[in-house]
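Quick notes on the structure that follows.
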Amino acid sequence: MSSSSLLWCLLVVCVLTVVQIYAAEERKVLKVFNLRASDLDSDLLGIPDAYVEVFRAYGFLGRTEVKNNNADPAWEEEFSFLNAHENNTLRLEVYDSDIFFDDLLGTCECSIKIGTWQHQCFLKTGGTLYYSYILEPLQ
């Protein structure tokens, strides 16, 4: 057997092993909720018009509505994703909506764990983002 054939066989075995691990893993749902911020920094135009974009691992989960002229906004939206995996990255990006382009106020990331969690994250331009998430088995 040539070395290239042996490499292909090893690659196939590795891929099949990974597929079996993910197939055997219990399906989970990720829910992100209770998003709010405090003391957001204003730009030259005044108090920020803030919104949050939510990402999980490799995918976009959604975006909140814009809270106009509010340095301490709270958003009612909840975001859910099926087939989430423990240790996936949850990323939240806070923006100030402007006429020409939106300013990134800060990014928060965490590695998701089973259970219900509350986090706070200090944003690079000032202010704090608070959020909660649940990672639980799909029922």
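Note that the numbering runs from 1 along the sequence shown for the chain. Here the structure is a predicted model, which is why all the values come from computation and not from measurement.
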Counterpart residues, side chain to side chain donor-acceptor pair (under 3.5 Å), relative to [X] (two or more places apart):
| X | value |
| --- | --- |
| Glu136 | Lys31 |
| Arg91 | Glu93 |
| Glu78 | none |
| Lys113 | Asn87 |

Quiz item: For residues 54-67, which residue pairs qualify under salt bridge (charged side-chain N to carboxylate O under 4.0 Å, His left out), counting only residues two or more places apart or in two chains?
Solution: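 For residues 54-67, and leaving out neighbouring residues, the salt bridge (charged side-chain N to carboxylate O under 4.0 Å, His left out) pairs sorted by first residue read Glu65-Lys67.
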
Cluster companions of [X] among Ile, Leu, Val, Met, Phe, Trp, Tyr (side-chain spacing under 4.5 Å):
| X | answer |
| --- | --- |
| Trp117 | Leu30, Val32, Leu35, Leu40, Val52, Val54, Leu61, Trp75, Phe79, Phe81, Leu90, Leu92, Val94, Leu105, Ile112, Ile114, Leu123, Leu129, Tyr131, Tyr133, Leu135 |
| Phe60 | Phe55 |
| Val29 | Leu82, Leu138 |
| Phe33 | Ile134 |

Exercise. State which residues pass side-chain contact (heavy atoms from CB on, under 4.5 Å) with Asp72; sequence neighbours excluded, sorted by chain then number.
Key: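 By the side-chain contact (heavy atoms from CB on, under 4.5 Å) rule, Asp72 matches Ser38, Asp39, Asn70.
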
Exercise. Name all residues meeting the side-chain contact (heavy atoms from CB on, under 4.5 Å) criterion together with Asn34; count only those two or more places apart in sequence or in a different chain, and write none if there are none.
Key: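 With sequence neighbours excluded, Asn34 shows a side-chain contact (heavy atoms from CB on, under 4.5 Å) to Ser132, given in chain and number order.
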
Self-check item: Listed once per pair and sorted, the disulfide bond (SG atoms under 2.5 Å apart) pairs that draw on residues 55-120, sequence neighbours left out
Solution: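 As it turns out, the disulfide bond (SG atoms under 2.5 Å apart) pairs with a partner in residues 55-120, which skip direct neighbours, are Cys108-Cys121.
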
Quiz item: If you look at every heavy atom in Pro73 and Ala50, which pair is closest and at what distance?
Solution: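 That would be CG-CB, 4.1 Å.
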
Quiz item: For the atom pair CZ (Arg27) and NE2 (His85), what is the distance rounded to the nearest 0.5 Å?
Solution: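 Arg27 CZ to His85 NE2: 9.5 Å, rounded to 0.5 Å.
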
